Student: 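Have a look at this one.
Order of appearance sets the numbers: ligands from 1, and atoms from 1 within every ligand. Everything numeric here is computed off the predicted structure, so don't read it as measured data.
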Amino acid sequence: MKVDKQISEYSNIDCLVVVAFEDETSQIENAAWSKTHLSNLLRSPAWKEFGGKRSQIITTYTSENDFYKKVILAGLGKRDKFNRDTWYSVCAKVFNVVKEQGSKNIAIPHPVLKVLFESSHWYLREFLFTGWSVLYELKKYKSQTDEDEHVTLDEIYVLLEDKPTGAIIDVFSYIEDLIEGVGHARELIASPSNDVTPRRFAEEAQKIAQNYDLNFSLITLEEARQKGMGAFVAVAQGSANEGCIVILEYCPKGLENEQPVVFVGKGITFDTGGISLKPSQKMDLMKHDMAGAAAVLGTMEIIGKMKPPRRVVGVMPLAENMPDGKAYRPGDVVRSLSGKTIEVVNTDAEGRLILCDALAYVVENYNPQLIVDIATLTGACIIALGDRVAGIMGNDLKVVSEIQKLAEDVGEKMWPLPLWDFYFDDLKSDIADIKNVGNRSAGTIIGGMFLKQFVPDNVQWVHIDIAGPAWAEKPWFHMPKGATGFGIRTFLEITRKLKF
Ligand code: BES
Ligand code: ZN
Ligand code: ZN
C-alpha cells in the first residue's frame with residue numbers, strides 16, 4: 001500500500017471519507033472547503049440521514065460530476081464522549097468497509113480534519129497508520145487462488161487545500177518509513193518457527209544492516225559460552241537450531257563517543273517451555289515469543305531510514321527453548337555473565353535468562369545512556385493488564401512515566417508496575433545467588449525484579465512486558481489480528497523525542 005502525497009488535482013478517487021461529530025454536522029457544512037468541494041454531498045438525502053452517531057457508517061453515491069465515485073460517511077459520536085481510542089475504532093471500521101467494497105483507493109480531506117480537531121496532524125497520521133495496519137495480511141504461506149484476484153486497496157490519498165506544509169510532509173515520510181519496518185517485524189513474528197529459526201532471524205538482520213548501513217555483529221553460541229554467558233547458553237543448548245546474539249548499531253558521523261540508547265529484545269523463536277513443558281493447547285502461539293527481538297529489529301530498520309541524530313544499539317538474543325537430551329533442567333545452577341549464579345527452578349522462565357546476559361553484556365560494553373528491554377515475558381501480564389496493554393517497569397520512575405506518555409501518543413498502551421525491593425525475597429535461592437522464578441504471585445513484577453539485578457542502579461533501565469499486545473487474538477484499535485509489531489512506534493518516539 002502506498003500513501004500518496006501529490007493529490008493536488010482531485011481525480012480518480014474511488015472513495016472519499018468524511019467524518020463528523022454527532023449533532024455537529026453543521027461544522028462540516030459551514031467549512032469553506034466543503035462548500036466548494038462537497039456541495040452535492042451536502043445537499044444529498046444521505047447527508048440529511050447522517051447524524052454523526054457513533055459507529056454510524058453510510059456509503060453514498062452523489063453526482064457524476066463529482067471528483068469522487070462514492071463517499072463513506074463515518075460518525076464519531078458525541079464530542080464529549082470522544083477520545084483517541086474512538087478515532088482508532090472509527091478508522092478501523094472505515095477501512096474494513098473499504099476492503100469489503102473493494103475500493104482501489106480512498107481519500108481523506110485534511111481540511112475536514114482541521115475543522116474538527118486542533119491537532120489535525122495527529123488524526124491524519126493515525127488514520128493513515130490504521131489504514132495500512134488493519135488491512136495488513138501475511139499471504140506468504142497461502143497458495144494463490146482465484147479469490148485473491150478481487151480488488152484490494154492500494155492507495156490512500158490525502159486531500160490538501162494548498163501545497164503540503166512541513167508538518168504534512170513529516171507525517172507522510174514518518175508513515176512511509178514506519179510501515180515498512182512494522183510490516184517486516186510482523187512478518188517475522190507471524191512466520192512459523194520452522195522458518196524463523198535463530199539463524200534465519202540473524203540473516204534477516206544482516207540484510208537490513210546492509211540495506212541501511214547499520215553495523216552488524218553476531219555472537220555465536222560458542223562465543224557466548226566462552227564469554228561466560230551461562231544463562232543464555234543454558235536456554236539455547238537444548239535446540240538443534242543454534243542460538244546466537246545479534247547486535248545492530250546505528251551511529252551518525254561524529255557521535256561515536258556519545259552514550260547510546262540500547263534496545264534489547266527477547267528472541268525466543270519457539271518456546272516449548274523446555275523440560276518444564278508447556279501444555280499443548282495454544283502452544284503453537286509460542287512462535288511469537290521473539291516479538292521483542294522483532295520489535296528491536298523493526299526499530300533499527302526504521303532508524304536506518306530516518307537517520308535521527310542519536311546513537312542507537314539494538315541487541316537481540318536469539319534461541320529456541322526445547323526439551324532435549326542436551327536441554328537444561330529444573331534445578332540446574334548456571335553462572336551468568338554478570339557473575340551471579342542462577343538456580344533454574346522452571347525452564348519455562350527462559351526469557352529472563354537470555355535477557356540477563358544480554359543486559360550484562362550491554363552494561364559492560366556500551367556505556368549506555370538508557371537501556372530499554374522488550375519481551376513477551378510473562379503470561380501473568382495478560383492476567384494483570386489484559387491483552388492490549390504492556391507492563392512497564394524500571395529503575396527510574398520518571399523515565400518510566402515519560403516513556404508511557406510517548407507510547408500513549410502512538411496508540412501503544414503501557415501501564416507501570418512497581419519494583420520495590422521486598423519483591424526480591426521471592427527470588428532468594430537456597431543454593432545459588434538468585435532463582436529464576438518466585439511463587440505464583442506478582443509474576444510480571446518478579447520477572448522485572450529478576451532483570452533489575454543485572455543492571456546497576458546508576459544505569460537507567462526500563463523493562464516492557466508485551467506478552468499481551470504482541471499478538472492480537474482479534475483486531476483491536478489500530479491492530480490487525482495476529483502479529484502487531486507492538487513497541488516499535490514507542491521505540492521510535494524514545495529515539496526521536498526522549499530528553500536526557
Ligand atoms: N513466553 C512465555 C510468556 C508468554 C505467555 C508470552 C503467553 C505470551 C503469551 C514465557 O517464557 C513463560 O513461559 N513465562 C512463564 C513464567 C513462569 C514460569 C514464571 C509464564 O508466564 O507462565
Ligand atoms: Zn517460557
Ligand atoms: Zn518465553
Student: Can you list the ligand 1 atoms lying under 4.0 Å from a non-hydrogen atom of T376?
Tutor: 1 (N), 2 (C), 3 (C), 6 (C)

Student: Could you check whether any heavy atom of N321 sits closer than 4.0 Å to an atom of ligand 1, since that is the contact criterion I want to use?
Tutor: no

Student: What protein heavy atom is closest to atom 18 (C) of ligand 1, reported as residue, atom name and distance in Å?
Tutor: N346 ND2, 3.5 Å

Student: Does the side chain of Y141 come under 3.5 Å of the side chain of D195 through a donor N or O and an acceptor N or O?
Tutor: yes

Student: Are L337 and L359 close enough that some pair of their side-chain heavy atoms sits under 4.5 Å apart?
Tutor: no

Student: Can you pull out the closest protein heavy atom to atom 16 (C) of ligand 1? Residue, atom name and distance to 0.1 Å, please.
Tutor: R352 NH2, 4.0 Å

Student: Regarding E256 and R311, does a basic nitrogen lie under 4.0 Å from an acidic carboxylate oxygen?
Tutor: no

Student: Starting from atom 19 (C) of ligand 1, locate the nearest protein heavy atom and write down its residue, its atom name and how far away it is, to 0.1 Å.
Tutor: V437 CG1, 3.5 Å

Student: What I want to check is whether the side chains of S133 and R186 have a donor and an acceptor closer together than 3.5 Å.
Tutor: yes

Student: Could you tell me which atoms of ligand 1, counted from 1 in the order shown, lie closer than 4.0 angstrom to a heavy atom of A467?
Tutor: 6 (C), 8 (C), 9 (C)

Student: May I ask you to decide whether K428 forms a salt bridge with D425, counting only side-chain N to carboxylate O separations under 4.0 Å?
Tutor: yes

Student: Sequence neighbours left out, cut at 3.5 Å: what donor-acceptor pairs do the side chains of residues 389-397 make with other protein atoms?
Tutor:
| from | atom 1 | to | atom 2 | distance (Å) |
| --- | --- | --- | --- | --- |
| N395 | OD1 | W461 | N | 2.9 |
| N395 | ND2 | V459 | O | 2.7 |
| D396 | OD1 | K398 | N | 2.9 |
| D396 | OD1 | V399 | N | 3.4 |
| D396 | OD2 | Q460 | NE2 | 2.9 |

Student: Evaluate the side-chain proximity of H478 to R489: yes if any heavy-atom separation is below 4.5 Å, no if none is.
Tutor: yes

Student: Without swapping roles, check the side chain of D433 against the backbone of I342 for a donor-acceptor pair under 3.5 Å.
Tutor: no

Student: Give the residue, atom name and distance (to 0.1 Å) of the protein heavy atom nearest atom 12 (C) of ligand 1.
Tutor: D348 O, 3.2 Å

Student: Do me a favour and list the nearest non-hydrogen protein atom to atom 21 (O) of ligand 1 with residue, atom name and distance?
Tutor: G379 N, 2.7 Å

Student: Tell me the protein heavy atom at minimum distance from atom 10 (C) of ligand 1, and give that distance in Å.
Tutor: L377 O, 3.3 Å

Student: Quick check: Y88 with W122 (ring centres under 6.0 Å apart)?
Tutor: yes

Student: Is the shortest side-chain N to carboxylate O distance from K266 to E350 below 4.0 Å?
Tutor: yes

Student: When rounded to the nearest 0.5 angstrom, what is the spacing between CD1 in I179 and CD1 in I175?
Tutor: 7.0 Å

Student: Can you count the protein N/O/S atoms lying under 2.8 Å from the Zn ion (ligand 2), leaving waters out?
Tutor: 4

Student: What residue and heavy atom of the protein are closest to atom 9 (C) of ligand 1, and at what distance?
Tutor: M286 CE, 3.6 Å

Student: Using 4.0 Å as the upper bound for N to carboxylate O, is an ion pair formed by E408 and K413?
Tutor: yes

Student: Do the charged groups of D409 and R84 touch, with an N to O distance under 4.0 Å?
Tutor: yes

Student: Verify the contact flag for atom 14 (N) of ligand 1, where contact means a protein heavy atom under 4.0 Å away.
Tutor: yes

Student: Show me which atoms of ligand 1 lie under 4.0 Å from any heavy atom of K266.
Tutor: 1 (N), 10 (C), 11 (O)

Student: Quick one: which ligand 1 atoms are inside 4.0 Å of a heavy atom on E350?
Tutor: 11 (O)

Student: Tell me the protein heavy atom at minimum distance from atom 2 (C) of ligand 1, and give that distance in Å.
Tutor: D271 OD2, 3.6 Å

